[in-house]
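Report on the following structure.
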Amino acid sequence: MKKILLVNPWIEDVSAYDFWLKPVSLLYISSVLKKFGIEPRLIDLLDRHDEELIRFLKKPVKDKYYGTGSFYNESIKKPNSMKSIPRYFKRYGMPEKLFRKKLSVHKDVDAVFVTSMMTYWHYGVSDTIRVIKEELHEKPVLLGGVYSTLLVDHARNNSGADFVSPGTGMFPLSKALDYVDIEIDLHDLNKNWIESLIPDYSHYKKIPYKVLITSVGCPFRCSYCASWRLWKDFTFHSAEKTLDIVEQFVSDGTKNIVFFDDALLIGDRFKHFLKMYLKKRKKIQFHLPNGVHARFIDKELANLMKEANFKTIKLGYETYNADLQEKTGGKVSNIDLEKAVFNLKDAGFTSKEVSAYIIANLPGQSMEDTIKAIKKCDELGIVPNVNEFTPIPKTPQWEELINDGKLPRNVDPLLLNNSILPYWWDKGLSVNQIDALKNEAWKVKEHLLNE
């Protein structure tokens, strides 16, 4: 039997937090490999609940909000590109010594598949691959995922992988398997993989939550988002399939289910799922942390979510400025937000459960605009979460900044990270201005949650 080791790499950054992070793409790949008689193995360097990690660190894992929590981390040498930036650079995830120990029991695998997430986390990817190649020597190491797709040339030149397989769906997996001379026909599966497969969580012995994705892509074309660039079409599985997965998760003892879709509420399938679920209601909590579309939260949906026990609802608000709302994609308006919050409050949700993402430092956005967005959240009684703008490679916003000469074309992707960008970019708000905005948002959060 062929054997493939799947690896979720380290994060190397100035900050990182386990806000329900799971390598869902690898878990889908695991399901595919099993389907075709290939043995999948997994090393998740970001698994805070790994039993060997807990024994290695000699201290129990500390969960905070419904299974979220802080990663183990170590300060490491800064890359040259951020030498002048006054922030510590850290490796988040499993200690290297333990990683090497885990790799030592997988010397019989035929290949190693590494995934990737944010483009500015590429140092964690290359470091992970370095260690794999030092321990497993001649075994081919292949890289896929978001970073390898948005910045394929950078990944080929810098990751250290033997083969980079960009793309989404089954296509990159098919190319990767061809590279390691494993012949299986994924053509039929590629047509309906999201309806046919379930992410394989069997690799985890203990997990306080499970992440579920019921759709890929997005019909909106927000200028700062890469979802619609990564996925050619907006594809989703049926409400019945969603219910089937949820029931399987619950039967495994899962208490928290997290939806990470980019466009979960579009269409009527989510309502249909909730109506079916409520006929078999279980004692679990649901979470929506990915900035859902406020315009689709009507009275019926708000009541269904309340009855189904949703504990986290994060709305995508982004900006108060109506012109910018329209220019960046028309995802939400102030009226959309007001209606959604009214419906959620009327259903019984409180400030502890509902919050809104606000972007600070968007090109063309003033500090006053972000202050107005914070005040709007305060007025509506929902917690504002201020996030600095990140220029994501290959998005229209990134391309415009590059073409206008406002961003260097060959800048290290690490420096585009929202936590680092304000330290060197003179086209937007300063670090002090962004800190002031975050303090304003914190004050609103404090008084809303203490009412």
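Computed from a prediction, not measured in an experiment: that's the story for all the values here. These numbers come from the heavy atoms of this one structure, side chains and all, not from hydrogens, waters or symmetry mates.
If you check the side chains of Tyr120 and Thr390, you find no donor sitting under 3.5 Å from an acceptor. Between the side chains of Gln325 and Asn334, at least one donor-acceptor pair of N or O atoms lies under 3.5 Å. Neither side chain, Ser126 nor Asn158, offers a donor N or O lying under 3.5 Å from an acceptor on the other. Of the N and O atoms on the side chains of Asn385 and Lys314, at least one donor lies less than 3.5 Å from an acceptor on the other residue. Residues Asp262 and Asn290 bring a donor and an acceptor atom of their side chains to less than 3.5 Å of each other. Side-chain atoms of Tyr204 and Asp252 form no donor-acceptor pair, as typed in the model, at a separation below 3.5 Å.
For the pair Lys77/Lys83, a side-chain contact is recorded, criterion being any heavy-atom separation below 4.5 Å from C-beta on. Ile382 has its side chain out of reach of Tyr317: every pair of non-hydrogen atoms, C-beta onward, lies at least 4.5 Å apart. With a 4.5 Å cut-off on side-chain heavy atoms, Val216 and Thr168 do not count as touching. Looking only at side-chain heavy atoms (C-beta outward), Leu5 and Leu136 come within less than 4.5 Å of each other. At least one side-chain heavy atom of Glu96 sits less than 4.5 Å from a side-chain heavy atom of Arg91. Considering only heavy atoms from C-beta on, Ile297 comes within 4.5 Å of Met305 through its side chain. Residues Val411 and Trp424 meet the side-chain proximity criterion, which asks for heavy atoms closer than 4.5 Å. Within the 4.5 Å cutoff, the side chain of Trp228 has no heavy atoms near those of the Pro219 side chain.
A salt bridge links Glu135 and Arg100; the closest N-O separation between the charged side-chain nitrogens and carboxylate oxygens is under 4.0 Å. Classification of Arg48 and Asp63 as a salt-bridged pair holds, one side-chain N sitting under 4.0 Å from a carboxylate O.
In terms of modelled atom types and a separation under 3.5 Å, the side chain of Asp110 and the main chain of Lys3 share a donor-acceptor contact. Checking side-chain atoms of Tyr28 against main-chain N and O of Met170 turns up no donor-acceptor pair under 3.5 Å. Using a distance-only test at 3.5 Å, with no hydrogens or angles considered, no donor-acceptor pair links the side chain of Asp378 to the main chain of Ile374. Looking only at distances, a side-chain donor or acceptor of Lys394 sits under 3.5 Å from a matching main-chain atom of Leu150. The closest donor-acceptor contact from the side chain of Thr328 to the backbone of Leu324 lies under 3.5 Å. A donor-acceptor pair under 3.5 Å is absent between the side-chain atoms of Ser30 and the main chain of Leu26, judged by distance alone.
Interatomic distance, Ile43 CD1 to Ile132 CD1, rounded to the nearest 0.5 Å: 7.5 Å. The NE2 atom of His287 sits 3.5 Å away from atom CG of Asn256, with the distance rounded to the nearest 0.5 Å. Of the inter-residue distances, the one linking Lys406 atom NZ with Asp426 atom CG reads 11.0 Å to the nearest 0.5 angstrom. The distance from atom NZ of Lys327 to atom SG of Cys222, rounded to the nearest 0.5 Å, is 14.0 Å. Interatomic distance, Asn80 CG to Lys78 NZ, rounded to the nearest 0.5 Å: 11.5 Å. Residue Leu437 holds its CG atom at 5.5 Å from OG1 of Thr370, rounded to the nearest 0.5 Å.
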Open item on the list: If you apply the rule salt bridge (charged side-chain N to carboxylate O under 4.0 Å, His left out), what do you find for Glu446 with Lys443, and how did you get there?
Closed with: CA-CA 5 Å; Glu446 285 281 281; Lys443 290 175 187 177; over 6 Å; no
Could you walk me through whether Tyr147 and Ser159 satisfy the side chain to side chain donor-acceptor pair (under 3.5 Å) test, starting with their C-alpha distance in whole Å, then the side-chain angles of each, then the deciding distance to 0.1 Å, before giving a yes or no? CA-CA 10 Å; Tyr147 159 56; Ser159 70; 5.6 Å; no
Apply ring pair (Phe, Tyr, Trp, His ring centres under 6.0 Å) to Phe270 and Phe259, showing your working.
CA-CA 11 Å; Phe270 190 59; Phe259 290 93; 5.5 Å; yes
(Q) Walk me through whether Asp162 and Lys133 qualify under side chain to side chain contact (heavy atoms under 4.5 Å, CB included). (A) CA-CA 10 Å; Asp162 297 299; Lys133 293 182 80 66; 2.9 Å; yes
Salt bridge (charged side-chain N to carboxylate O under 4.0 Å, His left out) assessment of Asp127 paired with Arg130: CA-CA 5 Å; Asp127 231 8; Arg130 170 185 60 81; 2.9 Å; yes
Worksheet item: Between Leu315 and Val354, does a side chain to side chain contact (heavy atoms under 4.5 Å, CB included) hold up when you go through it step by step?
Response: CA-CA 8 Å; Leu315 306 170; Val354 184; 4.1 Å; yes
Arg41 vs Asp108, salt bridge (charged side-chain N to carboxylate O under 4.0 Å, His left out): CA-CA, chis, key distance, verdict | CA-CA 11 Å; Arg41 301 176 183 177; Asp108 60 336; 2.7 Å; yes
Please evaluate residues Cys218 and His293 with respect to the criterion side chain to side chain contact (heavy atoms under 4.5 Å, CB included), reporting the C-alpha separation (whole Å), side-chain torsions for both, the decisive distance (0.1 Å), and the verdict. CA-CA 11 Å; Cys218 182; His293 292 79; 4.3 Å; yes
Verdict with reasoning, Ser116 to His122, per side chain to side chain donor-acceptor pair (under 3.5 Å): CA-CA 8 Å; Ser116 60; His122 69 90; over 6 Å; no
In sequence, state the C-alpha distance, the side-chain angles, and the governing distance for Ile198 and Lys241, and then conclude on side chain to side chain contact (heavy atoms under 4.5 Å, CB included).
CA-CA 9 Å; Ile198 293 177; Lys241 177 70 172 183; 3.7 Å; yes
Ser202 vs Lys34, side chain to side chain donor-acceptor pair (under 3.5 Å): CA-CA, chis, key distance, verdict:
CA-CA 11 Å; Ser202 65; Lys34 283 184 176 179; 3.0 Å; yes
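Considering all non-hydrogen atoms of both residues, Ala155 and Ser148 come closest at CB-CA, 4.0 Å. Here the shortest heavy-atom pairing between Leu380 and Val341 reads O-CG1, 3.6 Å. Gly169 approaches Trp193 most closely through the heavy-atom pair CA-NE1, 3.9 Å. What you find for Met82 and Phe89 is that their closest heavy atoms are SD-CD1, 3.6 Å. Summarising the geometry of Pro9 relative to Thr128, their closest heavy-atom pair is CB-OG1, 3.3 Å, with the distance given to 0.1 Å. Of all heavy-atom pairs between Tyr65 and Lys352, the closest is OH-O, 4.3 Å.
The only option from Lys375, Glu368, Lys376 that meets the side chain to side chain contact (heavy atoms under 4.5 Å, CB included) definition with Lys372 turns out to be Glu368.
Taking the six-membered ring where the residue is Trp, Phe389 and Trp425 present tilted rings, their angle falling between 30° and 60°. Ring geometry for Tyr209 against Trp20 counts as perpendicular: the plane angle is over 60°, on a 0 to 90° scale with 30° as the lower cut.
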List the atom pairs, with distances to 0.1 Å, where a side-chain N or O of residues 396-405 and a protein N or O form a donor-acceptor pair under 3.5 Å, not counting sequence neighbours.
from: Gln397; atom 1: OE1; to: Ser223; atom 2: OG; distance (Å): 3.2
from: Glu399; atom 1: OE2; to: Arg229; atom 2: NH1; distance (Å): 3.3
from: Asn403; atom 1: ND2; to: Glu399; atom 2: O; distance (Å): 3.1

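Taking the six-membered ring for Trp and the full ring otherwise, the centers of Phe310 and Phe349 sit at least 6.0 Å from each other.
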